[in-house]
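Notes for the one structure printed next.
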Protein chains: 2
Amino acid sequence: MFEIAQLAGVSESTVSRALSGSPLVNENTRNRILKIARSANYTVNINARNLRQKRTRTIEVLIPLAEYGRQHMSDPFYLDMLGVLADALSERHYDMLLTKRAPWAKGVETNSIQCGRADGIIIMGQGQDLEALRNFTDLYPQVVVWGGHLREDDYIVVGTDNVAGGKLATEHLMKLGRKRIAFLGDPAEPEIALRQQGYRKAFLDNGIAVDESLIFSAPFDAREARASAEKMLQSGVSFDAIFCASDVIAMSAITTLRNAGLDVPRDVAIVGYDDILIANSFGPSLTTVSQRIQEGGKTMVELLLQRIEGKSVDTTLLPVELVVRESCGAP
Amino acid sequence: MFEIAQLAGVSESTVSRALSGSPLVNENTRNRILKIARSANYTVNINARNLRQKRTRTIEVLIPLAEYGRQHMSDPFYLDMLGVLADALSERHYDMLLTKRAPWAKGVETNSIQCGRADGIIIMGQGQDLEALRNFTDLYPQVVVWGGHLREDDYIVVGTDNVAGGKLATEHLMKLGRKRIAFLGDPAEPEIALRQQGYRKAFLDNGIAVDESLIFSAPFDAREARASAEKMLQSGVSFDAIFCASDVIAMSAITTLRNAGLDVPRDVAIVGYDDILIANSFGPSLTTVSQRIQEGGKTMVELLLQRIEGKSVDTTLLPVELVVRESCGAP
DNA sequence: CTGTTAGCGCGTTCAA
DNA sequence: TTGAACGCGCTAACAG
């Protein structure tokens, strides 16, 4: 920067101001400096700037990525979200640091906020260790979590109204005349448990008793979801519809049912959850409860940046919406 | 750090040395300092360290993520790879910066290497602008590219032997007795063009003329791939097998064929390319040419870090391997 | 509008 | 084995 200053015949401060777009600098001076900087192929060193300004314009995104060792597939939902977050952050001139391990995992010494690597963290999914999450956000409030609205937590949550979504999906199947509607999804994940609550609520609100034999647990992984779907078939329990707790589960279920010679939606109607991009390309295309991934991602970025600026922001529940396509058999 | 030094009754230098694991510090002193630092919840500021050391222990990963605006789905291949890269980098104590836009794209002023944000870049896919890529790597050689081996380029490429892979897949279908083997894939992408070369080579090496009417172009996107598969059907050209240039295309083709009442693999045998994690969960499970995603990702990280250290490393072509599952109809 | 001065927090000399 | 001094490259405060 010193060299640029010399070439332009000004002080380093002026160069700094010109390059950071400060209004406190003459139009001509600025243009001259910009030109020289460009021709010298000069760029401001980001570490020095971060050190000085005590901010990084970087957000960490904590996301459950594929575990190759275990042949575990990551849900495309997260990856659709990643695309949205990348765009939303880039639009605000923020960089994205991608991480798999939670800062409270053992073996992790520090976190990106404390060591000055990021200004805030977006955590995808509450995960299993709710207490660790709460302890962490107590210390570092510059966090937004994607997930289910569990109770009056101190951290900011963004997500859809999972109970309403579960109810919406189930009632849609009821209205289509389905009598034996099953639930497929693993309630270990908080969001899934809420969707199951919505499923139950649909029956209760319509004066129908919930048949517990129709509730099947399936983890979020595609391969195991297929295994679960096969168990459903072998259980001998009859059903003419399934509300699947995610689109991945729905696609697995459809594959399994078809392989067993059943027709979707004729024999079994399917409704998924998420509305991932691929849901519309699958055959049959999925009827699903939209998680408004685009809106959700943008909202998370918006709220997090506001929180970093010190503004007070609130947990946000996005309204749900049913996207009707082929798999439910609606006319 | 000054405070920690005071608490420990030593100088800042000693604290710095203790925390960075320097051998130039007494065992007792180190333990005392570590204890104090931990109890004070102190962490070294990463920006100051980076500034001083002129390195960041951060790698940028440039990856084509989903375009939500255009409803464009990103290939799960990239995302499987992302998981592997995250693990490989984390193992070497490197952080991962995720980016969608190439540094040579218009509107991008600088790049992460020049401004000190990253020590190197992993670029997923050569993309369309081969010249821009070459110009960039001329200036910044700390780059590894995943893709096809095009010619003696100056930048480091890691990838599978796409020609051999295309040949392997096609010959496998020949050996299974298929007579009308089609190709589905968009040769605009360099890797796909190479796979098509392999497809042609399989015919030539077996003394069979290539039937150009069996070569169909399909972009990498799932929805358009389905459209292309439908065009194949409507074209009236008969075929009893398809070599699909990616697993995503293969899954789309299978969906389309099944919707049209055809059986896979009985009526049409399918071989894909990539061996993404979901390939084994799909129904029917995909016979596919493995891209050795795990090995490939680890190799990229390994080579890039060596190159950053100044060692000379070479472009690496991973050997291909056919993973035989259900979709090809092998006994 | 511009220059001077100081310091962000660390790692690395050099000297002891 | 430790401490003192310096400077990485930048921006903010102040003075002009």
Side-chain angles (χ1 to χ4, degrees), chain A residues 1-38 40-58 93 95 109-119, chain B residues 1-38 40-58 93 95 109-119:
Chain A
M1 179 173 269
F2 178 70
E3 293 175 26
I4 304 293
Q6 287 209 317
L7 287 167
V10 294
S11 72
E12 288 185 65
S13 313
T14 306
V15 175
S16 171
R17 283 191 274 254
L19 294 177
S20 64
S22 158
L24 296 165
V25 67
N26 187 298
E27 195 61 26
N28 300 328
T29 322
R30 151 172 299 120
N31 289 333
R32 188 155 41 87
I33 294 174
L34 286 179
K35 209 162 139 189
I36 292 171
R38 199 139 18 192
N41 203 21
Y42 168 83
T43 312
V44 169
N45 181 297
I46 219 78
N47 294 302
R49 165 179 283 176
N50 289 348
L51 176 60
R52 185 63 234 250
Q53 299 193 144
K54 293 168 182 293
R55 68 205 286 265
T56 60
R57 293 200 82 91
T58 300
H93 304 289
D95 283 336
E109 301 282 337
T110 179
N111 69 76
S112 56
I113 295 177
Q114 170 166 21
C115 76
R117 209 185 259 299
D119 299 335
Chain B
M1 181 173 269
F2 178 71
E3 293 175 25
I4 304 294
Q6 287 210 318
L7 287 168
V10 294
S11 72
E12 287 186 65
S13 313
T14 307
V15 174
S16 171
R17 284 191 271 253
L19 294 177
S20 64
S22 159
L24 297 166
V25 67
N26 187 300
E27 193 61 27
N28 300 327
T29 324
R30 151 172 300 120
N31 289 332
R32 188 155 39 90
I33 294 174
L34 287 179
K35 210 161 138 189
I36 292 171
R38 199 140 18 194
N41 204 22
Y42 168 82
T43 312
V44 170
N45 180 297
I46 219 78
N47 295 302
R49 164 178 284 176
N50 289 348
L51 177 60
R52 184 61 234 252
Q53 300 194 143
K54 294 166 183 292
R55 66 204 287 266
T56 61
R57 292 200 83 90
T58 300
H93 304 290
D95 282 337
E109 301 282 338
T110 180
N111 69 76
S112 56
I113 296 177
Q114 170 166 24
C115 75
R117 209 185 259 299
D119 298 335

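Note on naming: letters A, B, ... go to the chains in the order of the sequence lines (proteins, then strands), and numbering restarts at 1 for each one. Values reported hereafter were calculated over all heavy atoms of this structure, with side chains retained and with hydrogens, waters and symmetry mates removed.
Following rounding to the nearest Å, Arg49(B) (CZ) and dT12(C) (P) show an atom-to-atom distance of 9 Å. Here dA13(D) presents its C1' atom at 16 Å from CD of Glu12(A), a figure rounded to the nearest Å. Between the C1' atom of dC6(D) and the CG atom of Leu51(B) lies a distance of 13 Å, rounded to the nearest Å. Atom CG of Leu19(B) is separated from atom P of dG11(C) by 8 Å (rounded to the nearest Å). With rounding to whole Å, Asn28(A) atom CG is found 14 Å from dT2(C) atom C1'. In this structure, NZ of Lys54(B) is placed 10 Å from C1' of dG7(D), rounded to the nearest angstrom. Atom-to-atom, CZ of Arg30(B) to C1' of dT1(D) comes out at 12 Å; the value is rounded to the nearest Å. In this structure, CD of Gln6(A) is placed 14 Å from C1' of dG3(C), rounded to the nearest angstrom.
An OP1 or OP2 oxygen of dC10(D) is reached within less than 4.0 angstrom by a side-chain nitrogen or oxygen of Tyr42(A).
With hydrogens and angles ignored, the 3.5 Å screen pairs no side-chain donor or acceptor of Asn50(A) with any backbone N or O of Gly116(A).
Summarising the geometry of Arg30(B) relative to Gly21(B), their closest heavy-atom pair is NH2-C, 3.5 Å, with the distance given to 0.1 Å.
Only one option out of Gln6(B), Met1(B), Glu3(B) pairs with Glu12(B) in a side chain to side chain contact (heavy atoms under 4.5 Å, CB included); it is Met1(B).
The side chain of Ser16(A) approaches dT11(D) more closely than any other nucleotide in the set dT11(D), dC1(C), dC10(C). The side chain of Arg52(A) lies closest to dC8(C) when the candidates are dC10(C), dC8(C), dT2(D). Here the nucleotide nearest the side chain of Ala48(A), chosen from dA4(D), dT2(C), dG9(D), is dG9(D). Among the nucleotides dC10(C), dT2(C), dG3(D), the one closest to the side chain of Thr14(A) is dT2(C).
Of the two residues near DNA chain C, Gln53(A) and Ser13(A), the one whose nearest nucleotide lies more 5' is Ser13(A). Both Val10(B) and Asn47(A) lie near DNA chain D, and the one whose nearest nucleotide falls closer to the 5' end is Val10(B).
Thr29(B) comes within contact range of the sugar-phosphate backbone alone, with a heavy-atom separation under 4.0 Å but no base atom that close. Using a 4.0 Å heavy-atom cutoff across all strands shown, Ser22(B) reaches no nucleic acid atom at all.
For Thr14(B) and Ser11(B), the side-chain atoms include at least one donor-acceptor pair closer than 3.5 Å.
Rounded to the nearest 0.5 Å, atoms OG1 (Thr56(A)) and CG (Asp119(A)) are 3.5 Å apart.
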